[in-house]
Structure formats: structure tokens, C-alpha cells
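Lettering follows sequence order; numbering is per chain, from 1. Note that this is a predicted model, so its numbers are computed, not measured.
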Amino acid sequence: MAAPEYEAYFRVIRRIPRGRVMTYGDVAIAAGFPGRARRVGYALHGLKDARVPWWRVVNAQGRIAIDGGRGEGAERQRDLLEAEGVELVGEGRLRLADCRYVPPAFRSPGAGRRAPKRRGGP
DNA sequence: AGCCTGACTCGGA
DNA sequence: CTCCGAGCCAGGC
């Protein structure tokens, strides 16, 4: 990768357990680059490393982000997710509440839900 | 250099 | 539920 920033993203994504998913924003935060959700998307867009389970990354709405959820890429991702046991609802939508993966570092006393709210950037 | 795009996100209408 | 605008930022032209 050109930038260590991308390496950090891929490292986080590689840690996602089978059958779980993370959102772009959470991957960015876990990698130490809060507010860089778009960078994560761009990093995956140009991804060539097959070791990275890119299909375990979806947008914050629990939808397939590729091509608006439609197209070959989206179909492939849906296929891979289903193969791992991720429950899909409707067209390219999944139950985030059941399969969302939150790294231990994210957990904070009291909250135990999601990362602190961030709007776009820092 | 500037301008446009996008595998993002969030709050509001 | 959907649609829209604003914020961010690396890449491509």
C-alpha cells in the first residue's frame, strides 16, 4: 500500500471475525483515523490484496455500499456474506444489530454500543 | 493549480 | 421509509 493509513485499515478489516461485519466509519476509527470513512471506501475500491475480507465491510445503514447495493460487486459481496451465515433482509440489507463487530478497543464503560458520534469528519 | 468524483456519515425534512 | 445537504479528503483529469 502506498500509505500506512491504508495498511491500518486493512489490518483492522482482517481482524473481523467470520460471519461479522464492520461499518466503514468504525473501521476508520479502529484504525486510528476517525472521520476517514471515505478513505476506507477508496482503499477497498483499489484493493488487490485477496487476503483482505472486504466483503465484511458495509455502510452504517447495514447496506451493501457497492454500486448502491446493485451490480456484480454488490452481488458478490452478498453471496460471500450469506456464505458466512450473515442474515440478509431484502435487497442487500443485513441485520447490523446481529452481525456488527465492535473491536474490544471500542468498548467504553456505560456506552457499550457504538463509537462516539462523529459527523463526517473530526 | 483547480474541479469533480466517490465501496461514507449524520441529522433533518 | 426516502431524499437532501454539508463535511472530509485522496485521486484522477
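Rounded to an integer number of Å, the gap from OH of A:Y9 to C1' of C:dA10 is 10 Å. Distance, A:M22 CE to B:dT9 C1': 15 Å, rounded to whole Å. Look at CZ on A:R38: it is 8 Å from C1' on B:dT5, rounded to the nearest Å. Rounded to whole Å, the distance from OH on A:Y24 to C1' on B:dT9 is 13 Å. Remark: C1' of B:dC10 and CD1 of A:I29 are 12 Å apart, rounded to the nearest angstrom. Going from atom CZ of A:F33 over to atom C1' of B:dC8 covers 17 Å, rounded to whole Å.
Not a single donor-acceptor pair, N or O on each side, falls under 3.5 Å between the base of C:dG11 and the side chain of A:R39. Under 3.5 Å, the side chain of A:Y42 and the base of C:dA10 form no donor-acceptor pair of N or O atoms.
Relative orientation of the A:Y42 and A:H45 rings is tilted, given thresholds of 30° and 60° on the angle between their planes.
Regarding contacts with the backbone of C:dC9, a side-chain N or O of A:R36 is found under 4.0 angstrom from either OP1 or OP2.
Panel note: side chain A:R39, backbone A:A37; no donor-acceptor pair is recorded below 3.5 Å.
Evaluation of the ring-ring contact (aromatic ring centres under 6.0 Å, His included) rule for A:F33 yields A:Y9 as partners, not counting sequence neighbours. Under the rule for a salt bridge (charged side-chain N to carboxylate O under 4.0 Å, His left out), A:E5 has no partner lying at least two apart in sequence or in another chain.
In this structure, of B:dC8, B:dA7, B:dC10, it is B:dC10 that holds the atom nearest to the side chain of A:A60. Out of B:dG6, B:dA7, B:dT9, the shortest distance to the side chain of A:N59 is found at B:dT9. Here the nucleotide nearest the side chain of A:A65, chosen from B:dC8, C:dC9, C:dG11, is B:dC8.
A 4.5 Å side-chain heavy-atom check between A:L44 and A:I13 finds at least one atom pair inside the cut-off.
The separation of B:dA7 from C:dG7, taken at their P atoms, amounts to 22 Å, rounded to a whole angstrom.
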With 3.5 Å as the limit, what N/O pairs link the protein to nucleotides 2-4 of chain C?
| residue | atom | partner | partner atom | Å |
| --- | --- | --- | --- | --- |
| C:dT2 | OP2 | A:R63 | NH2 | 3.3 |

Using distance only, find each side-chain donor-acceptor pair of residues 51-73 of chain A under 3.5 Å and give its atom names and separation, not counting sequence neighbours.
| residue | atom | partner | partner atom | Å |
| --- | --- | --- | --- | --- |
| A:R51 | NE | A:D49 | OD1 | 2.9 |
| A:R51 | NE | A:D49 | OD2 | 3.0 |
| A:R51 | NH2 | A:D49 | OD2 | 2.5 |
| A:W55 | NE1 | A:E84 | OE2 | 3.1 |
| A:R56 | NE | A:E84 | OE1 | 3.1 |
| A:R56 | NE | A:E84 | OE2 | 3.2 |
| A:R56 | NH1 | A:I16 | O | 3.0 |
| A:R56 | NH2 | A:E84 | OE2 | 2.7 |
| A:N59 | OD1 | A:Q61 | N | 3.0 |
| A:N59 | OD1 | A:G62 | N | 3.2 |
| A:N59 | OD1 | A:R63 | N | 2.9 |

